[in-house]
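Indexing begins at 1, ligand by ligand and atom by atom, following the structure's order. Sequential numbering from 1 along the given sequence is applied to the chain's residues. This structure is a prediction, so every number in the text was calculated from the model and none was measured.
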Amino acid sequence: MSDSTVKFNLNGHDHDDVFEAPLSLAAHANIPSISTYHDLYEESIKNPKIFWSKVAAHLHFETPSENGLEWNFDKRKGEVFVNFMRGARTNLSYNCLDRIIQKGHGQKIAYKWEGNCEHDDFEITYQELHEKVVAFAKVLRSRGVRKGDVVAIYMPMIIELPVAMLACSRIGAIHSVIFAGFSSDSLAKRIVVAGCKVLVTVDGFFRGNKFIALKGLAEEAVRLAGVDGHPIDAVVWLEHLKRAKVPAGAKVSDVTLDAGALTWDAAVKEAASLEDVIEWVESEDPLFILYTSGSTGTPKGIVHTTSGYMVYAYETMRNSFDVHAETDVYWCMADCGWITGHTYGVYGPLLNGVTSVIFEGVPSYPQSNRIWAIVEKYGVTKLYTSPTAVRSLMAFSTDLVTQHDRSTLQVIGTVGEPINPAAWKWLYNVAGDGKCAIIDTYWQTETGGHIIAPLPGATATKPGSATLPCVGVVPQLVDNDGAVLEGPNEGNLVLAQPWPGMMRTVWGDHTRYVNTYFSSFPGLYSTGDGARRDEDGYYWITGRSDDLMNVSGHLLSTAEIESALTAHELVVEAAVVAAPHDIKGQTPYCFVTLGKQTQLDNKIIAELQQIVRTKIGAIAMPAATDIQLTPTLPKTRSGKITRRILRKIAEGDQGAHLGDLSTLVDESVIKTLWAGRFRLY
Ligand code: PRX
């Protein structure tokens, strides 16, 4: 827990705002009424073994198992662990592809790919996707990748990204997808920590009309990992630029691959004659690692294992999006570099045999109507987006939305951050024409899938609330001393029982897993979020209670940004806090002290921005106006920086009560900080 006590936002909700589940959906929903949900929920909690075995029966297990969930959440009673279907053997790639094909759906479209530029698209069937996955699985095996080896994937949203993920799971390798917006330093760290054998990447790509020469970043990361004593065995290069449409006005630099570089196509040809091996892995064999920010600064490699993740991805996808594979055209806008892309862009949709859209580009290119143009083009029925995307679109004329036919839309989901009621209502009224279910889905990289979310055909929704727990999930609220709070209340959100899809460990650091998630409130999984439960049992997420900030739905560590800033030779000390932002939700606000230097000129500001960009990535980069010079930071007598005060100053609310200042070494610093905040020097 940070130095602050948890704060809860009591505002932003209106008791009268209740939206019943659309009748058109309820009429043929998988879960058609709230009483059906309550029955299922009760069964899932009272008899999880039977409940989850019924879900698992929809999927293929080469070797079955009678075991259900087994766990210990209480470190005082021994090792903390979670197992699901221990002893069973299965394969996720097989379940996503071969199983669907065997059911006679090989010719069904798995993905409709929409490129960064308009009119650059193709479709791929389950059968064709299977062929690509088998071919790339052979490539990985030909490069010595075996069960349990880790493969790094650093790619934009092109079809080869899910192909590489599915190829890993086919041969029992563990994938570690690194968002292509991350820097070479971030990629190198992740390669080193997981000891990745192979890196799969691309020469370059376009985001809007911006050209990204990924080659240079990937090569630099490989070099850095080598210097650190972790050379990569092979790099597979997908030559995306050969086929990508060049946006008008884009400035393209040369990214010719080295003569000896191993290209995707050449590697596929070379490995074509090898055997297709499906590795039947054990339930608890790791499936993937995905890094998320940690409050101490070093990212945590969240580990998900096979059967539990698979069963949970399948079930939550089916329920939350009320999947009807025959008719749905589903579009998850999240990048595969994040958990949403893993669970609801790849595994969840494929396990359910759904047709999905993958979009390589950005919602604002070539114009801010792109999302709705895509919805119209493909007849999207279910759309999964983020509050940040919604807020940025709300700023434009509604014509950009209404000029497109959206009559196919039935469900619009959001994820990643709290959705403010205004954005929720815009989705409902404008984007959804008042006829769609709006589902605010709450979950984390760690939870594998949704844990609190409405059901489109059953749950009455309230703008700003993620509503009720998913089947199998037992949320509780506890106060800062760990006492369980009953009824309508506010507190720290914890989970009292495991569900199959939850994380199993932090890669290479089980102690960190226990300390981060099971130590604040012994015997309970701590989400690190605060929440309020209303009189109907609905949950309202109020935000992080630790030193993580949520920028456009991406968790960032204040400590990690601080350590990047202090790497600048002039910076003596830095403190970073979250400041509110109209579109991104939050944004990093940085206080820096410089040695002898008393001026923060534009050159230093640009260097500080760049250092954050290089060490973490563009998403963590503060705006120039959000870097403030201060001669000193407010500290307690024991030397702790009082972030509570810095947060208030970053928020810019001079009328705010700063709380008890008596523990500060020097109270006069506050005046200086305010002066700096408003550039009064
Ligand atoms: O603070 C919560 C916020 O995002 C955190 C998880 O971030 P990450 O692991 O990156 O996963 C994001 C995608 C699942 C949570 O601890 N968060 C996520 N969804 C919501 C949310 N906050 C409020 N409402 C949500 N629907």
Worksheet item: Is the backbone of Trp540 close enough, under 3.5 Å, to the side chain of Arg533 for a donor and an acceptor to pair up by distance?
Response: no
Item to complete: Can you pull out the closest protein heavy atom to atom 19 (N) of ligand 1? Residue, atom name and distance to 0.1 Å, please.
Response: Gly416 N, 3.1 Å
Discussion item. If the cut-off is 4.0 Å to any non-hydrogen atom of Asn550, which atoms of ligand 1 fall inside it?
Written reply: 3 (C), 4 (O)
Fill in: Phe288 and His342 aromatic centres sub-6.0 Å
yes
Discussion item. Under 3.5 Å between any N/O of Gln444 and any N/O of ligand 1: does that happen in this structure?
Written reply: yes
Worksheet item: Which residue and non-hydrogen atom of the protein lie closest to atom 2 (C) of ligand 1, and at what distance in Å?
Response: Asp529 OD2, 3.2 Å
Discussion item. Side chains of Lys435 and Tyr428: any donor to acceptor distance under 3.5 Å?
Written reply: no
Worksheet item: For atom 25 (C) of ligand 1, which protein heavy atom lies nearest, and how many Å away is it?
Response: Glu417 O, 3.5 Å
Worksheet item: Are Tyr513 and His510 close enough that their ring centers fall under 6.0 Å?
Response: yes
Discussion item. Using a 4.0 Å cutoff against the non-hydrogen atoms of Thr445, which atoms of ligand 1 qualify?
Written reply: 8 (P), 9 (O), 10 (O), 11 (O)
Item to complete: Could you list the atoms of ligand 1 found under 4.0 angstrom from a heavy atom of Val415?
Response: 13 (C), 14 (C)
Worksheet item: Is the closest side-chain donor-acceptor distance between Asn480 and Asn492 under 3.5 Å?
Response: yes
Discussion item. Only heavy atoms of Thr340, strictly under 4.0 Å: list the atoms of ligand 1 that pass.
Written reply: 13 (C)
Discussion item. Just to verify, what does Arg207 make a salt bridge (charged side-chain N to carboxylate O under 4.0 Å, His left out) with, not counting sequence neighbours?
Written reply: none
Discussion item. Applying a heavy-atom cut-off of 4.0 Å, say which part of Arg544 lies close to ligand 1: side chain, backbone, both or neither.
Written reply: side chain
Fill in: Short side-chain donor-acceptor distance under 3.5 Å, Asp328 and Thr381
yes
Worksheet, complete the sentence: the protein heavy atom lying closest to atom 6 (C) of ligand 1 turns out to be Trp443 O, 3.7 Å
Worksheet item: Hey, which of Tyr344, Phe179, Tyr384 is the one that makes ring-ring contact (aromatic ring centres under 6.0 Å, His included) with Trp338?
Response: Phe179
Worksheet item: Relative to ligand 1, is Pro418 under 4.0 angstrom through side chain, backbone, both or neither, heavy atoms considered?
Response: both
Worksheet item: Would you say Thr414 has any N or O atom under 3.5 Å from an N or O of ligand 1, going by distance alone?
Response: no
